[in-house]
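Just so it is clear, the values below take in all heavy atoms, side chains as well, and ignore hydrogens, waters and symmetry mates.
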Amino acid sequence: MSTTLLRSARLASSLSSISRTFLHQGAPVKHLHTSLKTHYAASNSPPPAEGFLPGVANSQLIKHTHHDALRNPELAGVANGETKKMNTFQAINDAMSIALATDDTACVFGEDVGFGGVFRCTMGLADMFGRDRVFNTPLTEQGIAGFGIGMAAMGSTAIAEIQFADYIFPAFDQIVNEAAKYRYRSGGEFNVGGLCIRTPCGAVGHGGHYHSQSPEAYFAHTPGIKVVVPRSPIQAKGLLLASIRDRNPTIFMEPKILYRAAVEMVPVGDYELPLGKAEILTQGKDLTIIGWGAQLYVLENAIQLAQKRMPGLSVELIDLRSILPWDVETVCNSVNKTGRLLIAHEAPRTQGFAAEIASTVMERCFLRLEAPIQRVCSYDTPFPLVFEKFHVPDMIRCAEGIERAMKF
């Protein structure tokens, strides 16, 4: 074993020991958080890159078997079909392969996609469908978006890739002032509904401020587009096919830490999952928790930690899936039942999408609320390279938020 791996293994073992000791002693969660910070600071190596997303492989949210995968009623159309073990980038690749095979007007383009892309999501597509349908572009995000808008305006299906969500901002004007308004400004005569923009987002532990951001809230303020964030391979394939085929321009944000971490038995057939519809992952009666993307695995661990501190705690966990439009009905029905709400996301707290959810719930569920709505988010700073583990809303911070909601 290399020195780096050995050091990481020892660190992980030590951190696990600290956590077990605190839980056994019944110490407050905030004291555990302080102890972990102190241990990190005293160690000779930084926290492992995967440290703030543990346990994905063993998550109850992951469908490990053929039976579990096809039990979802949303997959009724492929319920009698085959499944195949895929990670998230393979499922995304499979979705684009199906889109290209079933739509002769579809093209995939972006920086390095002809070579397979930096995350291998387009691997083999150029060889399979030709380099006139899967091709590289210059390093110009506004050009990629503008090209996609023009292509979609002429009736084709444009599947564009922005290599990192952090670099989508040069294309911001094209997306919010052109793509989002194209149908409205023409009185419905023209549209760019065939445009889907894929982009990897979120933290991985070492991306720093230019390869870690989650900019979904910027686009959620824009009528005329849809914004989608999947949590797993099954979800990624179905939601991406739906996003490509939806007759509205769609931004599909892919949590890049899940590209290889999340592995499921994915239906090999052609299926879509509904946009604008949240999914209730676990039923509960005491507290509603909302997340999307990779944050759901953090929340799953936080719930387990909180349940050790508060035996009998019953939590309803909801995957929002679509940020725009978002499923107000499912969320509010849940909060009216539980009386409490916690929302967590990797984006900064101020004006993050949790604020919109909280405001809507306050308007619609005010008389049913038993505690202030909790928002557990990243801090209002640029994404810090050396402090990423403390910047993002980890299991400990989310567990603290659960305790605040329940003990109010």
Is there any salt bridge (charged side-chain N to carboxylate O under 4.0 Å, His left out) pair reaching into residues 194-215, and which pairs are they, with sequence neighbours excluded?
-> E161-R198, R198-E254

Does E74 pair with K277 as a salt bridge, N-O distance under 4.0 Å?
-> no

Going by the side chain to side chain contact (heavy atoms under 4.5 Å, CB included) test, name the single residue among T137, N136, T140 that passes it with E111.
-> T137

Mind checking whether I92 and F119 have side chains closer than 4.5 Å, heavy atoms only?
-> no

S359 side chain vs A355 backbone, donor-acceptor pair below 3.5 Å | no

On the 0 to 90° scale, with breaks at 30° and 60°, tag the F387-F390 ring pair as parallel, tilted or perpendicular.
-> tilted

Going by an N to O cut-off under 4.0 Å, is there a salt bridge joining R397 and D394?
-> no

Should T102 and R245 be marked as a side-chain contact (heavy atoms from CB on, under 4.5 Å) after you check the CA-CA gap, both sets of side-chain angles, and the distance that decides it?
-> CA-CA 11 Å; T102 57; R245 293 165 175 170; 3.2 Å; yes

Indicate the atoms forming the closest heavy-atom contact of E141 with Y167, along with that distance.
-> CG-O, 2.9 Å

Check for a donor-acceptor pair, side chain of K63 on one end and backbone N or O of R71 on the other, with a separation under 3.5 Å.
-> no

Mind checking the CG-CD1 spacing from N177 to I149? Nearest 0.5 Å is all I need.
-> 9.5 Å

Take atom CG of D380 as the centre, draw a 6.0 Å sphere, and report whether it contains more than 12 heavy atoms from other residues, nucleotides or ligands.
-> yes

Taking all non-hydrogen atoms of both residues, which atom of S212 and which atom of E388 are closest, and how far apart?
-> OG-OE2, 3.5 Å

Check whether more than 12 heavy atoms from other residues, nucleotides or ligands sit under 6.0 Å from atom NZ of K337, and answer yes or no.
-> yes

Heavy-atom side-chain contact between M310 and E403 under 4.5 Å | yes

Stepwise side-chain contact (heavy atoms from CB on, under 4.5 Å) test for W326 and E356 | CA-CA 10 Å; W326 66 283; E356 173 62 26; 4.1 Å; yes

Step by step, work out the side chain to side chain donor-acceptor pair (under 3.5 Å) result for E300 and S59.
-> CA-CA 8 Å; E300 181 187 30; S59 169; 2.6 Å; yes

Do I168 and Y218 come within less than 4.5 Å of each other through their side chains, counting heavy atoms only?
-> no

Donor-acceptor contact present, side-chain T105 to main-chain T157, <3.5 Å = yes

Hey, mind stepping through T338 and D286 against side-chain contact (heavy atoms from CB on, under 4.5 Å) and telling me if it holds?
-> CA-CA 5 Å; T338 66; D286 297 327; 5.9 Å; no

Which distance, rounded to the nearest 0.5 Å, do you find between the CD of Q60 and the CD1 of I303?
-> 12.0 Å

Report the C-alpha separation of F408 and E370 in whole Å, then their side-chain angles, then the decisive distance to 0.1 Å, and conclude whether the side-chain contact (heavy atoms from CB on, under 4.5 Å) test is met.
-> CA-CA 8 Å; F408 178 77; E370 301 288 345; over 6 Å; no

Ignoring hydrogens and angles, tell me if any N or O in the side chain of N333 forms a donor-acceptor pair with the backbone of E329 under 3.5 Å.
-> yes

Distance-only donor-acceptor check, side chains R120 and N93, under 3.5 Å = no

Which of these passes side chain to side chain contact (heavy atoms under 4.5 Å, CB included) with K226: L275, L324, I323?
-> L275

How far does CZ of R309 sit from CG of L305, to the nearest 0.5 angstrom?
-> 8.5 Å

Are any non-hydrogen side-chain atoms of L70 and P267 less than 4.5 angstrom apart?
-> yes

Roughly how far, to the nearest 0.5 Å, is the NE2 atom of H345 from the CD atom of E216?
-> 6.5 Å

Of all heavy-atom pairs linking R364 and C332, the shortest is CD-SG, 3.8 Å

Hey, is the main chain of D68 close enough, under 3.5 Å, to the side chain of T65 for a donor-acceptor pair?
-> yes

Taking it one step at a time, do S334 and T288 satisfy side chain to side chain donor-acceptor pair (under 3.5 Å)?
-> CA-CA 6 Å; S334 177; T288 299; 2.6 Å; yes

Output yes when a side-chain donor or acceptor of S322 lies under 3.5 Å from a complementary backbone atom of G276, and no otherwise.
-> yes

Which heavy atom in E316 sits nearest to a heavy atom in Q283, and how many Å separate them?
-> OE1-OE1, 3.1 Å

Residues I234 and A69: closest non-hydrogen pair is CD1-CB, 3.7 Å

Distance in Å, I343 CD1 paired with L320 CG, rounded so as to fall on 0.5 Å steps = 9.5 Å

Is there a side-chain contact between Q235 and L61 (heavy atoms, below 4.5 Å)?
-> no

When you measure from the side chain of R375 to the backbone N and O of A354, does any donor-acceptor pair fall under 3.5 Å?
-> no

Is there a side-chain contact between V56 and V263, using heavy atoms and a 4.5 Å cut-off?
-> no

4.5 Å side-chain heavy-atom contact, F252 and I159 = no

Looking at NE2 of H64 and CG of N58, how far apart are the two atoms once the value is rounded to the nearest 0.5 Å?
-> 6.5 Å

Verify the neighbour count for atom OH of Y271: are there more than 12 heavy atoms of other residues, nucleotides or ligands below 6.0 Å?
-> yes

Take atom CZ of F135 as the centre, draw a 6.0 Å sphere, and report whether it contains more than 12 heavy atoms from other residues, nucleotides or ligands.
-> yes

Does any N or O in the side chain of D319 come within less than 3.5 Å of the main-chain N or O of E279, such that one atom is a donor and the other an acceptor?
-> no

Could you tell me whether the side chain of S314 and the main chain of K285 form a donor-acceptor pair under 3.5 Å?
-> yes

Using 30° and 60° as the class limits, which term best fits the ring planes of H391 and F383: parallel, tilted or perpendicular?
-> perpendicular

If only atom types and distance count, is the side chain of S378 paired as donor or acceptor with the main-chain N or O of P348 below 3.5 Å?
-> no

Indicate yes or no: does E178 engage R185 in a salt bridge with an N to O separation below 4.0 Å.
-> yes

Hey, are the side chains of F353 and F219 touching, using non-hydrogen atoms and a 4.5 Å cut-off?
-> no

Consider only side-chain N and O atoms of Q142 and D173, and report whether a donor and an acceptor are under 3.5 Å apart.
-> no

A203 versus I257, closest heavy-atom pair with distance | O-CB, 3.6 Å

Do other residues, nucleotides or ligands put more than 12 heavy atoms under 6.0 Å from Q304 CD?
-> yes

